[in-house]
Amino acid sequence: MTPLEELRHSASHILATALLRIYPDAKLDIGPPTDTGFYYDVDLDHKLTAEDLAKIEAEMKKVAEENQPFLRKEVSREEAVEIIKSRGQERYKLGRLADIPEGEKISFYQNGEFMDLCAGTHVRYSSKVKAFKLLSIAGAYHRGSEKNKQLQRIYGTAFATKDELAGYLEQMEQAKHRDHRKLGKDLRLFVIDEDVGQGLILWTPNGSVIRQELQTFISEELRKQGYSQVFTPHIGKLELYKISGHFPYYKESQFTPVVENESLARILREGCSCAEMVVRLDAVSSHLAAQVNARTGTETITADRVKPDDQLLDGFMLKPMNCPHHIKIFSSQPHSYRDLPVRLAEFGTVYRWEQSGELNGMTRVRGFTQDDAHLFCTEDQVAGELLGCLSLVKIVLNTLGMSDYRVRVGLRDPDSNKYTGAKENWDKAESACREAAKTLGVAFTEEPGEAAFYGPKIDFVVKDVIGREWQLGTVQVDYNLPIRFDLTYSGADNQPHRPVMIHRAPFGSMERFCGVLIEHFGGDFPVWLSPEQVRLVPISERTIDYGRDVLSRLKAAGVRATLDEHNDKLGAKIRRAEIEKVPYTLVLGAKEAEAQSVSVRSRARGDEGIVPVDQFLAKILEDIRLRSLSEKKKPA
RNA sequence: GCCGGCGUAGCUCAAUGGUAGAGCACCUGUUUUGUAAACAGGCGGUUGCGGGUUCGAAUCCCAUCGCCGGCUCCA
């Protein structure tokens, strides 16, 4: 345990000590340190409030001042049971004791009157813990399972010094200003309207500029890398997803199917309970089941889903993924090995039923657009194609100056059987992913259990301003769908062969990526992405006409510019442009009008002096063309 | 979905059972401005929505929708 973790862990014991003084009947579960602080999970009939938190914190201060030594005591399993029972903490602590493997040491730590089952380690005296703060109360399931009782989790943080604590709290406060939900509102980038629906993003004109620029950017890269762009509809027949296996496997996280009119009329005529309707929507024909099961070599469609044809209901689904549609484009023509790889790309909008409590601004939504593509290739081509996909992700991240991410190679969970496909294919795919990740030149972690059910993947994960991790770009190898859809190509031997699919999305989703990007730049977008690139500010009404003249020249060159015609003093107009985070403000007075020039004020560098209009135009056009990053804002 | 908190003008917030208010934004006028806020006036509300208690509800109660923090989930 690091010294800081030790401190925080001790703080959580002090929290428990104080808590039991105030609520002696509280049943404790577990109280570990975290990346940013500590928590303790507690079962207590009384619902803790913010006022209670203040009381507990005051009591914690007393415990700290009592300067209690932390004493370690090693005991036998039997003694441990006795201690736990004597303290009335058997409800959760006996279970935690049982988690300790036979043969391992069992220890308690005591400070003052409090004693807790704990491996340690701790600070030596409670007075070491002097810079701490309780932050919030939240529900948390015992052992993280929603089947168990929900406990109250008390979150807090602690640092070695009061200055560090104050610094951390200040940093959290600052982070709020960069939150994409706040900036999205302030800069009018997107809105979510409750009448439209939770988790459904409305891209306003400003946000749409950013999205459009990003799409143009990636489209240029796709053309260089030999992709073909396609368009597909937002819905597809239920049967399509029964073949792919997405329905009903992911039914819980999909929108309810749209039942076809004919089917709807039939069930209204015949009468049909809700439960029966669900069963009939899930069901597949014996014909389809036989085909898919034969191809996969396993019972992927189980007997209880098979129904006679006249019991089936037909309908459409909002697409939860783009792959089935792209597969149908691929399979609409015969392919030779000479055609491969086929790379089909689309900004494809998909819909998923995320739990209401999970929705979050633009980063977790119910409808989002993936910068998706599916590559159909031979097995020999997989490794090379993976490298191409990763280089695309790198280009994206480099261009945007995003270096604060981690890479995760998602592998099979060796203890699970949810994965489809032959072991040899998995071995090959996993090693291809691992080798490809190595070429990135950044550290990556291999995480068993993080693979998709159809194949391993390489994910790029970033943190938002309040430390939550989000998966952005992803590259996935898939041996499963080509089998389910019976995809083939003719090999050099004139025999049919099975292609391998790669799914990849460098941004992941446009919504999530833009959300993270807003926070990454704190709203100070580089010129090429800025919704408004130039603000023209006449010093008085006398130079408005000159402003109109400059405006039309900028617009003709394709620069996004506006003219501030408000009847305000110069300072007020500059202030407005600053608040709206426009990268360049051009001040126009009599001198400038006379010389066909502009006085340039940059968001990053302040007043840069007077230059001819043409010179400014050439410079900004070059920055836009190169997609240059803005210089960091000078500290205020 | 679960636990807890919150919901007042476009935005930030005030009003603790007794006439819904301020600043900014917006509109009009005066001012004609040189690098982060000129001055004055005006517009703007069924206090998220629906019920209830009360002589009287933004305020108390119930229900519902949404938002925030966590938990669970995430092809």
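So you know, we letter chains A, B, ... as the sequences are listed, proteins then strands, and number each from 1. The shown structure was predicted, so the numbers you read here are calculated from the model rather than taken from an experiment.
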Subject >> K176(A)/D179(A) ion pair, N-O < 4.0 Å >> reply: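 No salt bridge links K176(A) with D179(A).
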Original post:
Any ion pair linking R143(A) and D99(A) (charged N to carboxylate O, less than 4.0 Å)?
Top reply: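 R143(A) and D99(A): salt-bridged.
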**OP:** Please determine if a side-chain N or O atom of R468(A) lies less than 4.0 Å away from the OP1 or OP2 oxygen of G70(B).
**Re:**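 R468(A) to G70(B) OP1/OP2: side-chain N or O found under 4.0 Å.
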Original post:
Hey, is the side chain of R601(A) poking within less than 4.0 Å of OP1 or OP2 on A36(B), counting only N and O atoms?
Top reply: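 Checking R601(A) against A36(B): at least one side-chain N or O falls below 4.0 Å of OP1 or OP2.
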If the [atom1] atom of [N] is compared with that of [M], how far apart are they to the nearest Å?
N: U46(B); M: G56(B); atom1: P; result: 22 Å
N: U12(B); M: G52(B); atom1: P; result: 32 Å
N: A9(B); M: G48(B); atom1: C1'; result: 14 Å
N: C26(B); M: G18(B); atom1: P; result: 35 Å
N: C67(B); M: C39(B); atom1: P; result: 39 Å
N: C61(B); M: C74(B); atom1: C1'; result: 38 Å
N: C24(B); M: A37(B); atom1: C1'; result: 10 Å
N: G66(B); M: U8(B); atom1: C1'; result: 15 Å

Subject >> Atom-to-atom span, OH of Y250(A) to P of A75(B) - whole angstrom >> reply: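 Between P of A75(B) and OH of Y250(A): 6 Å.
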Original post:
Between G66(B) atom C1' and R366(A) atom CZ, what is the distance in whole Å?
Top reply: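 It works out to 12 Å between those atoms.
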Any donor-acceptor N/O pair under 3.5 Å between [N] base and [X] side chain:
X: R188(A); N: C11(B); value: no
X: E194(A); N: C65(B); value: no
X: Y141(A); N: G70(B); value: no
X: R364(A); N: C74(B); value: yes
X: E592(A); N: G34(B); value: yes

[N] - base-pair partner by Watson-Crick or wobble geometry, distances under 3.5 Å:
N: G41(B); result: C27(B)
N: A57(B); result: none
N: C71(B); result: G1(B)
N: G7(B); result: C65(B)
N: U32(B); result: none

Taking atom types as modelled, is there a side-chain donor on [X] or [Y] under 3.5 Å from an acceptor on the other?
X: Y241(A); Y: Q254(A); answer: no
X: Q152(A); Y: D41(A); answer: no
X: R8(A); Y: T34(A); answer: no

**OP:** Have a look at G589(A) and say if it touches a base, only the backbone sugar-phosphate, or nothing, with a 4.0 Å heavy-atom cut-off.
**Re:**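 Since a base atom lies under 4.0 Å of G589(A), the category is base.
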**OP:** Could you tell me whether Y155(A) contacts a base, only the sugar-phosphate backbone, or nothing, with contacts defined as non-hydrogen atoms closer than 4.0 Å?
**Re:**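 Since only primed, P, OP1 and OP2 atoms lie under 4.0 Å of Y155(A), the category is sugar-phosphate.
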Subject >> Given RNA chain B, 5'-ward residue of the pair R352(A) and R181(A), judged by closest heavy atom >> reply: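 It is R181(A), whose closest nucleotide lies nearer the 5' terminus.
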**OP:** On RNA chain B, check which nucleotide each of Q150(A) and M321(A) is closest to and give me the residue with the more 5' one.
**Re:**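 Final value for this comparison: Q150(A).
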Subject >> Interatomic distance, E239(A) atom CD to S244(A) atom OG [nearest 0.5 angstrom] >> reply: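 E239(A) CD to S244(A) OG: 11.0 Å, rounded to 0.5 Å.
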